[in-house]
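Notes follow once the structure below has been shown.
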Amino acid sequence: MKARSSFLIVANRLPVDRVVGADGAAAWRRSPGGLVTAIAPVMQRREGAWLGWHGAPGEEVKPFDHDGMHLVPVPLSAAEVELYYEGFSNATIWPLYHDVVATPIYSRVLWDAYRAVNDRFARAAAEVADENAVVWIQDYQLQLVPAMLRKLRPDLRIGFFLHIPFPPVELFWQLPWRREIVEGLLGADLVGFQRPGGAANFVRLCRRLLGLQHHRNEVELDGRRIRAEAFPISVDFSELDTLVREPSIVARAKEIRSELGEPEHMLLGVDRLDYTKGIGQRLKAFSELLADGAVKPGEAVFVQIATPSRERVEEYRRLRNSIELQVGRINGEHSQLGHQPVQYLHQSYNRRELAALYFAADVMVVTPLRDGMNLVAKEYIACRHDLRGSLVLSEFAGAADELKQAFSVNPYDVEGMKRAMLTAMRATPHELSRRMRSMRRRVATYNVDRWAGEFLAALEGG
Ligand code: GDG
């Protein structure tokens, strides 16, 4: 095992979860998700290392190898998880960057913890990176790391990718530590965003806040040029496309429809239970369709998977209560014996079950109020080789830039959402296949390998 690596990923979490086997022994298992899938081959080719928290508060874990990747755990205390992760990352930055759809908490205690943890990550990265190594830092939890790391190791090539939206200047301006965050990001050579709009917001901010010169998407600071550019993330198209063709998945999809009572229309939502995802808005639209009589009881079922998320953050607890109240009301008013119009599942599922759900659903309803990309929308497309199924997609998701053949909605417009859901339910097979074919072409070409490849080519070539 090499002590230092020439390629380094730095992320809040390591790409593994600790699981306890039947014999009671603990082992590591690769976490699901596109990021790991996309990056693992690059890691293996380049003897890369991945730095991140291992998930157990207050525990020190030694570096170890897993799945051909060298993993370097960064410890976090229970208090840091609360202040840096649940606090500054998820109660300050997350709502601020998602158009303030919930009120951000501005607290100096949270900020201090964020800075301290970012400093720990930067020092750990400086230790592990080989001379002139390439370091790729991920996401909003680590925005100070680029500048902290550059100070310690000016020889490195540093990239940063933000998975969530980057807000307009007028909103970002609220942040008491706005200058520190922007200067933190500017430690990178390349700052990647999901959408061109995010990159443009960032460049504008550099000019307005720091008075920096810029030429198109390049900002100048201390004689260095920092590039801001969009790299829309994607999914592993061929993995999903292969999975969903397995006979057991096809059979499970059939079974799901039969368990739901063979409805004419199955609508589906799959989200982390998060206030940015517009779950309440889509359920309201659906319930009004039932109340208006546009959808007859028994004709349609709305399956909403709401994966438990950030349950210790106050705003998320409130959201859960409000969604559960809403589901109870809708079902109370519109159920018949043996049939409930909304099937709400506050649970996590494995990939196979998700693939079967995607394959079973007639209408995939993705209506975030703001979303960096939204991989669920792309996963649905990757699972529909049968060219059936329609996608209702919010204009406020990054995915809307690419999936132009979706039924586009403004999630704040209830009437518009009702119309789009009805249109999606009533579209002819011919119409659906035309739309699906074009969206599949896009996701198949711009898959997650291409995302990682293009980012790294820009980082190393530029
Ligand atoms: C952030 C940004 C950006 C969901 N439930 C289960 C499950 N999932 C999987 C989905 C999908 C992923 O989680 C969710 O990804 P999204 O992109 O939809 O949303 P965020 O979690 O908010 O992700 C987002 C993304 O980062 C990547 O850059 O697109 O905008 O907010 O893959 O399938 N997976 C399993 N069980 C579940 O119950 N196994």
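First listed ligand is number 1; within each ligand, the first listed atom is number 1.
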Do [X] and [Y] make the cut of ring centroids closer than 6.0 angstrom?
| X | Y | value |
| --- | --- | --- |
| Y140 | H98 | no |
| W50 | W28 | no |
| Y275 | Y316 | yes |

Checking the N or O distance criterion of under 3.5 Å, is ligand 1 in contact with [X]?
| X | answer |
| --- | --- |
| H98 | no |
| M373 | yes |
| E379 | yes |
| Y349 | yes |
| T307 | yes |

Region of [X] engaging ligand 1 - heavy atom pairs below 4.0 Å:
| X | result |
| --- | --- |
| W94 | side chain |
| L354 | side chain |
| Y140 | neither |

* Given F359, Y358, Y380, the one that forms ring pair (Phe, Tyr, Trp, His ring centres under 6.0 Å) with H385 ->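 Exactly one pass, corresponding to F359.
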
Is the NZ or CZ atom of [X] both under 6.0 Å from the centre of the six-membered ring of [Y] and within 45° of that ring's axis?
| X | Y | value |
| --- | --- | --- |
| R115 | W177 | no |
| R46 | F7 | yes |
| R435 | F407 | yes |
| R442 | Y446 | yes |

Which atoms of ligand 1 have any heavy atom of [X] under 4.0 Å away?
| X | result |
| --- | --- |
| K277 | 19 (O), 20 (P), 22 (O) |
| Y358 | 33 (O) |
| V376 | 10 (C), 18 (O) |
| G372 | 30 (O) |
| R272 | 20 (P), 21 (O), 22 (O) |
| I233 | 27 (C), 28 (O) |
| Q194 | 3 (C), 28 (O) |

* R329 bridged to E324 by N-O distance under 4.0 Å ->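 Salt bridge flag = no for E324 with R329.
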
* To do: Decide whether the shortest distance between a heavy atom of N374 and an atom of ligand 1 is less than 4.0 Å.
  =>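 It does, in that a heavy atom of N374 comes within the 4.0 Å cut-off of ligand 1.
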
* Option among E402, Q405, R384, K404 that satisfies the side chain to side chain contact (heavy atoms under 4.5 Å, CB included) test with M439 ->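 Result for side chain to side chain contact (heavy atoms under 4.5 Å, CB included) with M439: Q405.
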
* To do: Could you pull out, from D139, V448, D371, the option with a heavy atom nearest to atom 31 (O) of ligand 1?
  =>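 The nearest heavy atom belongs to D371.
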
* To do: Name the option, out of L162, L375, T276, V366, that contains the heavy atom nearest to atom 18 (O) of ligand 1.
  =>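 Ranked by closest heavy atom to atom 18 (O) of ligand 1, first place is L375.
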
* To do: Let me see the working for F121 and W53 under ring-ring contact (aromatic ring centres under 6.0 Å, His included), right down to the final yes or no.
  => CA-CA 9 Å; F121 273 82; W53 183 44; 9.5 Å; no

